[in-house]
Student: 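The structure that follows is given in the form of structure tokens.
Along the sequence shown, residues are numbered consecutively beginning with 1.
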Amino acid sequence: MIGGLLLGRSDSTELIRFTRRLCAIGLVMGMLFSTVLLIWKESIISFFVSAADPDYRGINQAFDSCWLLIAVMQPVNALVFVTDGLLFAHQAFGFIRNLMLGGVLLLFAPLLVLEHATVNTLLGIW
């Protein structure tokens with residue numbers, strides 16, 4: 001709402017400051033979540049899967065194969081969510097549509113085909 005207000009006022013200097021501040025906060029929160037995921041990995045996994053579960057070993061191996069990548073990607077994810085919110089606040093829906101279509105066709109689909117052809121693991125999907 002603040003971004004929309006600043007955009008409506010045509011206050012580009014304050015809008016840029018606000019955007020940078022939001023990105024910095026998002027990056028810090030992403031790093032905080034990364035740290036939590038790395039420090040309390042076993043506690044988080046045990047929250048979802050009981051050690052008494054007969055498939056615990058396989059589930060734990062699946063988590064181990066991609067946990068570090070998930071943790072490291074949290075700052076990037078936070079920045080993506082901040083950017084998404086800013087684009088939504090600016091009502092740049094045509095830009096978002098084109099960006100998503102380009103991302104799917106130029107990045108996601110080729111990587112998915114490559115992953116399916118080479119590595120059939122959970123890490124390959126991530």
Side-chain angles (χ1 to χ4, degrees):
M1 295 184 77
I2 296 172
L5 176 71
L6 294 172
L7 185 65
R9 286 186 189 164
S10 297
D11 190 355
S12 60
T13 305
E14 190 62 31
L15 183 61
I16 290 170
R17 263 190 48 204
F18 180 68
T19 301
R20 287 182 180 157
R21 187 178 316 136
L22 283 179
C23 288
I25 291 169
L27 190 61
V28 168
M29 292 305 295
M31 289 189 291
L32 177 69
F33 278 108
S34 280
T35 304
V36 167
L37 286 172
L38 292 171
I39 291 174
W40 289 295
K41 174 186 170 191
E42 297 301 323
S43 299
I44 294 170
I45 292 173
S46 67
F47 181 76
F48 294 102
V49 182
S50 170
D53 190 327
D55 295 327
Y56 179 75
R57 183 178 224 165
I59 294 169
N60 205 17
Q61 286 175 345
F63 277 129
D64 281 340
S65 72
C66 64
W67 194 267
L68 181 62
L69 181 62
I70 292 170
V72 169
M73 289 302 294
Q74 293 310 303
V76 175
N77 291 341
L79 287 175
V80 167
F81 280 108
V82 168
T83 304
D84 182 55
L86 289 168
L87 290 172
F88 185 78
H90 293 128
Q91 298 184 358
F93 301 119
F95 176 74
I96 295 169
R97 179 201 59 225
N98 295 339
L99 193 64
M100 289 180 67
L101 182 62
V104 167
L105 294 177
L106 299 174
L107 186 68
F108 179 73
L111 286 176
L112 189 61
V113 169
L114 179 67
E115 183 278 329
H116 184 67
T118 58
V119 183
N120 288 323
T121 66
L122 188 58
L123 183 61
I125 293 171
W126 280 96

Student: Testing the basics here: between S65 and A62, what is the closest heavy-atom pair and its distance to 0.1 Å?
Tutor: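 Looking at all heavy atoms of both residues, the shortest contact is OG-O, 2.8 Å.
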Student: For a side-chain contact (heavy atoms from CB on, under 4.5 Å) check, start with the C-alpha distance between N60 and V49, then their side-chain angles and the critical distance, and finish with the verdict.
Tutor: CA-CA 9 Å; N60 205 17; V49 182; over 6 Å; no
Student: Show the nearest heavy-atom pair for residues L79 and C23, with the distance to one decimal.
Tutor: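 That closest heavy-atom pairing would be CD2-O, 3.4 Å.
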Student: Supply the atom-to-atom distance L32 CG to L27 CG, rounded to the nearest 0.5 angstrom.
Tutor: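 L32 atom CG to L27 atom CG measures 11.5 Å (nearest 0.5 Å).
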Student: Would you mind reporting whether S34 and V72 have side-chain heavy atoms less than 4.5 Å apart?
Tutor: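 No, every pair of side-chain atoms sits at 4.5 Å or beyond.
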Student: So if you build clusters from Ile, Leu, Val, Met, Phe, Trp, Tyr with side-chain heavy-atom gaps below 4.5 Å, do F47 and I39 land together?
Tutor: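 Yes, F47 and I39 fall within the same hydrophobic cluster.
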Student: Do F48 and F63 have ring centres separated by under 6.0 Å?
Tutor: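 Not under 6.0 Å, so no.
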Student: Considering residues, nucleotides and ligands other than R21, do more than 12 of their heavy atoms fall under 6.0 Å from its CZ?
Tutor: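 Yes - once you tally the heavy atoms of other residues, nucleotides and ligands closer than 6.0 Å, there are more than 12.
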Student: Which value, rounded to the nearest 0.5 Å, describes the distance between Q61 atom CD and D55 atom CG?
Tutor: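 These two atoms lie 11.0 Å from each other.
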Student: Answer yes or no: are there more than 12 heavy-atom neighbours, outside F95 itself, under 6.0 Å from its atom CZ?
Tutor: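 For F95, atom CZ is not crowded (no more than 12 foreign heavy atoms under 6.0 Å).
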Student: Just wondering, do Q74 and V36 contact through their side chains at under 4.5 Å, heavy atoms?
Tutor: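 Heavy-atom side-chain distance check fails, nothing below 4.5 Å.
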Student: Would one find more than 12 heavy atoms of other residues, nucleotides or ligands at under 6.0 Å from atom CZ of F93?
Tutor: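 Yes, because the 6.0 Å sphere around CZ of F93 holds more than 12 heavy atoms from other groups.
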Student: Transitively linked via ILVMFWY side-chain contacts under 4.5 Å: I59 with L37?
Tutor: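 Yes, it is one cluster - the side chains of I59 and L37 are joined through contacts under 4.5 Å.
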Student: Distance check, rounded to the nearest 0.5 Å: L111 atom CG versus L106 atom CG?
Tutor: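 L111 atom CG to L106 atom CG measures 11.0 Å (nearest 0.5 Å).
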Student: Short question: side chain of W40, backbone of I45 - any donor-acceptor pair under 3.5 Å?
Tutor: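 Not a single qualifying donor-acceptor pair exists.
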Student: Do L22 and L86 come within less than 4.5 Å of each other through their side chains, counting heavy atoms only?
Tutor: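 The answer is yes; the side chains approach within 4.5 Å.
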Student: Quick one, W67 and I44 - any side-chain contact, counting heavy atoms below 4.5 Å?
Tutor: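 In contact.
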Student: Using the test side chain to side chain donor-acceptor pair (under 3.5 Å), find all partners of D53 that sit at least two apart in sequence or belong to another chain.
Tutor: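 Here no residue qualifies.
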Student: With a 4.5 Å cut-off on side-chain heavy atoms, are I96 and M100 touching?
Tutor: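 Yes. Closest side-chain heavy atoms under 4.5 Å.
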Student: May I ask you to test the I25-V82 pair for a side-chain heavy-atom distance under 4.5 Å?
Tutor: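 Side-chain contact under 4.5 Å: no.
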